[in-house]
Student: 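If you scroll down you'll find the structure; I have some questions about it.
Every chain is numbered from 1, with letters handed out A, B, ... down the list of sequences.
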There are 2 protein chains.
Amino acid sequence: MATIRQVSKHANVSVATVSRVVNGNKWVSDSTREKVLQAMKELGYKPNSFAKALATNRSDTLGMVVSDLAGPFFGEMMRAAEDTVRKQGKHLIITSGHESFDSEMDAIEFLMQRRVDALLLHVESIPDNDLIKMCDEYSIPIILINRRVPELADNCISLDNDMGGYLATQHLLDQGHTAIACIAGPLFKADARARLAGYRRAIEQAGLRYDERLVIESDYQEEGGTQSIERLNRRKADFTAVFAHNDHMAIGAMKALKADGKRVPDDVSVVGYDDMVMARYTVPGLTTVNIPVAEFGRQAADLALLKLGDREGSVTQKYQPELVVRQSTTRPKR
Amino acid sequence: MATIRQVSKHANVSVATVSRVVNGNKWVSDSTREKVLQAMKELGYKPNSFAKALATNRSDTLGMVVSDLAGPFFGEMMRAAEDTVRKQGKHLIITSGHESFDSEMDAIEFLMQRRVDALLLHVESIPDNDLIKMCDEYSIPIILINRRVPELADNCISLDNDMGGYLATQHLLDQGHTAIACIAGPLFKADARARLAGYRRAIEQAGLRYDERLVIESDYQEEGGTQSIERLNRRKADFTAVFAHNDHMAIGAMKALKADGKRVPDDVSVVGYDDMVMARYTVPGLTTVNIPVAEFGRQAADLALLKLGDREGSVTQKYQPELVVRQSTTRPKR
DNA sequence: GGTTATAATGTAACCGGTTACATGTTGGTT
DNA sequence: AACCAACATGTAACCGGTTACATTATAACC
C-alpha cells in the first residue's frame with residue numbers, strides 16, 4: 001500500500017504538499033494539486049489512519065459499548081448513533097459488553113487503546129462509582145445511555161422510567177381497573193425501581209392503596225412473566241389487569257393467563273413496556289410503553305459531538321416515553 | 001496519558017525493556033519485570049494502539065460490514081462474529097453499509113484506512129466484479145457472507161438458497177398441495193433467484209408444470225406481500241398454498257388473505273423464509289425456513305482467522321437451511 | 001586465564017503521517 | 001532599485017510504539 005512519501009516522489013513534490021492536498025489546505029496551486037491527485041489515484045493511495053491518529057492525537061472515531069450486539073433495542077440505537085456520527089465525517093466503533101463487569105471494562109479498555117475521541121456507554125454492570133472515577137481519569141467526553149448518575153447528570157441520556165410506569169398504570173386506572181398487578185424487573189436495576197415508583201405513584205394518586213401482594217419481582221425474561229402469574233395465583237391475589245415491566249414478561253404473562261383459561265383482555269388486561277417489534281404481532285396486540293430507542297442513539301452521539309466542539313446547540317437529555325395502545329387492554333368486565 | 005518512554009524513565013530501564021515486558025518477551029529478568037510493571041501501574045500506562053499498529057503493520061482487528069446495524073438477522077451475526085474474534089484476542093470493528101453502493105464502498109474504505117487485518121463483508125449492492133477486483137488489490141483476506149461468487153468460492157460463506165426454496169415447496173407438495181403460488185424477492189438479487197429455482201425444481205420434480213402466473217416478483221417488504229396477494233387475485237390465479245421468499249412478505253400475505261376472508265391454514269397454507277423472531281408470534285405461527293445466522297457470523301470470522309494463520313482446521317462454507325414447521329401450513333381442504 | 005555460550009539490557013532506525021518553520025517566488029509600491 | 005506582502009513549496013522534528021543489532025554481564029568449560 002502506497003505511502004505519502006511514495007506519492008510525493010511520484011508527483012515530484014514534498015510530503016508536506018501531499019499532506020496539504022489530502023487535508024484540503026488552501027496553500028496549494030491548482031496545477032500542483034492536480035499533479036498530486038493524479039499521483040494518488042495512480043498509486044491507489046489511502047492515508048494510514050494510524051499514522052494520522054498518532055501524529056494528531058485524534059482518531060475522529062467515537063466508541064460505543066452496548067450490552068449486546070443482538071436484540072432490536074440495541075440495533076436501532078447503534079444505527080441512529082452511527083448515522084449521526086457519520087454525518088460529521090467521523091466514525092463509530094461498537095463493542096459488546098456482554099452484560100458482565102469484566103467484559104464491559106474490557107470493551108472500554110479496548111476503545112481507550114484505540115484512543116477514541118469520546119465514549120458512548122450503555123453499560124449495566126459497572127457501578128456508578130467506577131463510572132465517576134473513569135470520567136475523572138479519562139480526559140474525553142463519556143456519555144451514559146439509559147442511565148442516570150446524579151454526579152454525572154450532564155453526561156446522561158436517560159428515559160423517564162417513572163413516567164413510563166405512571167403512564168401504563170394510569171391507562172389501566174382510566175379504564176376502570178382498581179386491582180392492578182405489577183410484574184417488576186429485578187429491583188437492583190434502577191429502571192425497574194423507577195417503573196415501580198411510577199406504578200405506585202399512579203395507584204396512590206388515584207386514592208387506592210399500594211398493595212405489596214400484587215407486586216412480583218421478576219427477571220425481565222418471558223419465562224419469568226409466566227412464573228409471576230403462577231406466583232400471583234398461589235398468593236390468591238385478585239386482579240383484573242397486569243402491568244409488566246417489559247414486553248417479554250408481558251408475553252409470558254399472557255401465555256400463563258391463557259393457560260389458566262383467562263382471556264386477554266376480556267378477563268385480564270395486560271400492559272408491557274419497551275414496544276419491541278413482536279408487540280405488534282402478539283394476539284391480542286400488546287399495549288405497551290414506547291422507548292424512543294433511536295433517539296437515544298442519536299442524542300448520545302450528538303451530546304458527545306457537542307462536547308467535542310464539533311456541533312453547536314443543545315441536546316435534550318431526558319425523554320418522555322409514550323403509551324402505545326393496542327388490543328390487550330380494555331375496561332374490566334366485572 | 002503516559003508513554004512508553006515515560007515508563008522507561010520511571011523504571012530506569014530502556015524502552016526496549018518496557019516493550020518486552022508489555023509483550024511478554026522472555027528476555028527480561030524477574031526483578032526488572034517487577035520494576036517495570038510497578039512503573040506501568042503507577043503511571044496508568046496504556047499502550048497506544050496506533051503506534052503499535054503503525055510499527056507492526058498489524059491492527060489485530062477485523063472489519064465487518066453489514067447492510068444494517070438493526071434487525072435481528074445482523075444482530076445475531078455480529079454477536080457470533082465478535083465472540084469468535086475476541087476469543088482469539090482480536091477485535092471487531094463493525095460498520096454499516098446502508099444497502100447502497102456508495103455507502104458500502106465508504107464503509108470498506110474506512111476499514112481499510114484502519115488497516116484491519118481482514119474484512120468480513122455482508123454487502124448486497126457491490127457487484128461481483130468490484131469484489132473480485134478488491135480481493136486482488138487488497139492483500140488481506142476478504143470473506144463474503146451470504147453470497148456466492150464463483151471466482152471467490154474460497155472466500156464465501158453462503159446458504160444453499162436453492163435448497164431452502166426446494167424444502168419449503170416440497171413441504172407443501174408433501175401435504176398434497178398442487179397449486180402453490182410463489183411471492184419472490186427482487187430477482188436482481190441472487191438469493192431470490194436461487195429460492196425461486198429451488199421452488200421450480202421441486203414443482204417440476206413432482207411432475208407438475210411450472211406456472212408463471214403463480215409467481216410474483218416483489219420487494220421483501222410486508223406491504224409487498226400484501227400487494228402480491230392482490231395481484232394474484234386480479235390474475236384470477238387459483239392456489240391453495242403460498243411460498244413467500246421471506247417472513248415479512250409472508251406476514252403481509254397472511255394479512256391480505258385474512259382480509260379476503262380466507263383462513264390460514266385451512267383455506268391457504270403459507271410458508272415464509274428466514275425464521276425471524278416474529279414468526280413465532282404471528283397467529284397462526286408461521287412455518288418458515290431457518291437460516292443459521294449465528295453460524296454465518298462465527299464461520300466467517302473463523303475463516304478469516306484461518307486465512308490469517310491464527311487458527312488451524314477447516315471451515316464449512318455452505319450451509320443447509322432447515323424447515324421450521326409451525327401452524328400456518330396444513331393439507332389442502334379441497 | 002582465555003574462550004565461548006547464554007542471558008539481560010540498551011541504542012537507534014523505522015513505521016507513515018502532521019506541522020512549525022524556513023525558504024523561494026512573484027508582483028506591486030514607493 | 002529596494003522593499004514588502006502574499007502565495008507556494010520544502011525540510012525535518014515529532015507522535016509512541018517495535019525490533020534488529022550492539023553491548024555488557026554472568027557462568028561454564030578447557
Side-chain angles (χ1 to χ4, degrees), chain A residues 1-40 43-61 89 91 109-110 112-117 139-140, chain B residues 1-40 43-61 109-110 112-117 139-140:
Chain A
M1 190 137 288
T3 72
I4 198 172
R5 279 169 240 271
Q6 288 170 21
V7 174
S8 76
K9 270 209 189 103
H10 199 262
N12 253 315
V13 297
S14 71
V15 288
T17 301
V18 177
S19 177
R20 287 190 192 97
V21 170
V22 171
N23 295 299
N25 184 303
K26 63 179 176 179
W27 300 116
V28 185
S29 68
D30 287 350
S31 63
T32 308
R33 187 185 311 280
E34 266 323 304
K35 241 187 347 186
V36 172
L37 288 173
Q38 183 60 29
M40 280 170 48
L43 298 178
Y45 171 71
K46 291 197 178 61
N48 182 322
S49 67
F50 295 133
K52 173 163 186 162
L54 183 58
T56 59
N57 202 28
R58 264 199 152 228
S59 61
D60 280 336
T61 302
H91 290 272
E109 182 91 347
F110 166 69
M112 288 307 295
Q113 280 189 13
R114 304 278 137 162
R115 298 294 194 272
V116 292
D117 297 336
S139 51
I140 59 171
Chain B
M1 190 138 291
T3 73
I4 198 171
R5 278 169 239 273
Q6 289 169 19
V7 174
S8 76
K9 271 212 189 99
H10 200 262
N12 253 315
V13 297
S14 71
V15 289
T17 301
V18 178
S19 178
R20 287 190 191 100
V21 171
V22 171
N23 294 299
N25 185 302
K26 62 178 174 177
W27 300 119
V28 186
S29 69
D30 288 348
S31 64
T32 307
R33 187 185 312 278
E34 266 322 303
K35 238 183 356 182
V36 172
L37 288 173
Q38 183 60 30
M40 281 169 50
L43 299 178
Y45 171 71
K46 289 196 181 60
N48 183 322
S49 68
F50 295 133
K52 173 163 187 160
L54 182 58
T56 58
N57 201 28
R58 264 196 152 233
S59 60
D60 280 335
T61 301
E109 181 92 346
F110 166 68
M112 288 307 296
Q113 281 189 14
R114 304 276 139 163
R115 298 294 193 273
V116 292
D117 297 336
S139 51
I140 59 171

Student: Could you tell me the separation between the CG atom of B/Asn48 and the C1' atom of C/dG16, rounded to a whole number of Å?
Tutor: 14 Å
Student: Give me the distances for all protein-to-nucleotides 23-27 of chain D N/O pairs that come in under 3.5 Å?
Tutor:
none

Student: Quick one: B/Trp27 CH2 to D/dC21 P, roughly how many Å, whole number?
Tutor: 17 Å
Student: If you take any heavy atom closer than 4.0 Å to DNA chain D, which residues from residues 28-37 of chain A end up in contact?
Tutor: A/Val28, A/Ser29, A/Thr32
Student: Return a table of donor-acceptor pairs under 3.5 angstrom between the side chains of residues 43-51 of chain B and protein atoms on other chains or two or more places apart.
Tutor:
{"from": "B/Asn48", "atom 1": "OD1", "to": "B/Phe50", "atom 2": "N", "distance (Å)": "2.7"}
{"from": "B/Asn48", "atom 1": "OD1", "to": "B/Ala51", "atom 2": "N", "distance (Å)": "3.3"}
{"from": "B/Ser49", "atom 1": "OG", "to": "A/Gln113", "atom 2": "O", "distance (Å)": "2.6"}

Student: Which part of the nucleic acid, if any, lies within contact of B/Asn57, taking any heavy atom under 4.0 Å across all strands shown: a base, the sugar-phosphate backbone alone, or nothing?
Tutor: nothing
Student: In chain order, what residues pass the side-chain hydrogen bond (donor to acceptor under 3.5 Å, both in side chains) check against B/Thr3, with sequence neighbours excluded?
Tutor: none
Student: Under the side chain to side chain contact (heavy atoms under 4.5 Å, CB included) test, which residues partner A/Ala16, sequence neighbours left out?
Tutor: A/Ser14, A/Arg20
Student: Does the side chain of A/Ser14 get closer than 4.0 angstrom to OP1 or OP2 of D/dG10 through an N or O atom?
Tutor: yes
Student: To the nearest 0.5 angstrom, please state how far the CZ atom of A/Arg33 sits from the OG1 atom of A/Thr17.
Tutor: 10.5 Å
Student: When you look at A/Arg114 and B/Arg114, which way does the side chain to side chain contact (heavy atoms under 4.5 Å, CB included) test go after all the steps?
Tutor: CA-CA 10 Å; A/Arg114 304 278 137 162; B/Arg114 304 276 139 163; over 6 Å; no
Student: When you look at NZ of A/Lys35, are more than 12 heavy atoms from neighbouring residues, nucleotides or ligands closer to it than 6.0 Å?
Tutor: yes
Student: Using every non-hydrogen atom in the two residues, find where B/Ala39 and B/Ala11 come nearest and quote the distance to one decimal.
Tutor: CB-CB, 3.8 Å
Student: How many Å lie between CG on A/Asn25 and P on C/dG17, as a whole number?
Tutor: 17 Å
Student: Taking atom P of C/dG16 as reference, at what distance in whole Å does atom CZ of B/Arg58 sit?
Tutor: 16 Å
Student: With B/Ser19, which residues qualify under side chain to side chain contact (heavy atoms under 4.5 Å, CB included), at least two apart?
Tutor: B/Ile4, B/Asn23
Student: Just wondering, more than 12 heavy atoms not from A/Asn57 lying within 6.0 Å of its CG?
Tutor: no
Student: Once you round it to whole Å, what is the distance between P of D/dC14 and CG of B/Leu54?
Tutor: 17 Å
Student: Nearest-Å distance, NZ (A/Lys46) to P (C/dC15)?
Tutor: 20 Å
Student: What is the bend of the helix from C/dG1-D/dC30 to C/dT30-D/dA1 when you compare the axis at one end with the axis at the other, using five pairs each and rounding to 10°?
Tutor: 60°
Student: Just to verify, what does B/Gln38 make a side-chain hydrogen bond (donor to acceptor under 3.5 Å, both in side chains) with, not counting sequence neighbours?
Tutor: B/Glu42
Student: For B/Asp60, enumerate each residue passing the salt bridge (charged side-chain N to carboxylate O under 4.0 Å, His left out) test, keeping only those at least two apart in sequence or located in another chain.
Tutor: B/Arg58, B/Lys90
Student: Identify all pairs in which a protein N or O lies below 3.5 Å from an N or O of nucleotides 18-23 of chain C, and state each distance.
Tutor:
{"from": "C/dT18", "atom 1": "OP1", "to": "A/Asn23", "atom 2": "ND2", "distance (Å)": "3.1"}
{"from": "C/dT18", "atom 1": "OP2", "to": "A/Ser19", "atom 2": "OG", "distance (Å)": "2.5"}

Student: Measure CG/B/Asn12 against P/C/dT11 and give the value in whole Å, please.
Tutor: 12 Å
Student: For A/Ser8, give me all partners under side-chain hydrogen bond (donor to acceptor under 3.5 Å, both in side chains), at least two apart in sequence or on another chain.
Tutor: none
Student: Looking at every non-hydrogen atom in both residues, tell me the closest pair between A/Asp117 and A/Ile140 and how far apart they are.
Tutor: O-CB, 3.4 Å
Student: Whole Å only: how far is the CZ atom of B/Arg115 from the C1' atom of C/dG16?
Tutor: 9 Å
Student: Who passes side-chain hydrogen bond (donor to acceptor under 3.5 Å, both in side chains) against A/Ser139, sequence neighbours left out?
Tutor: none
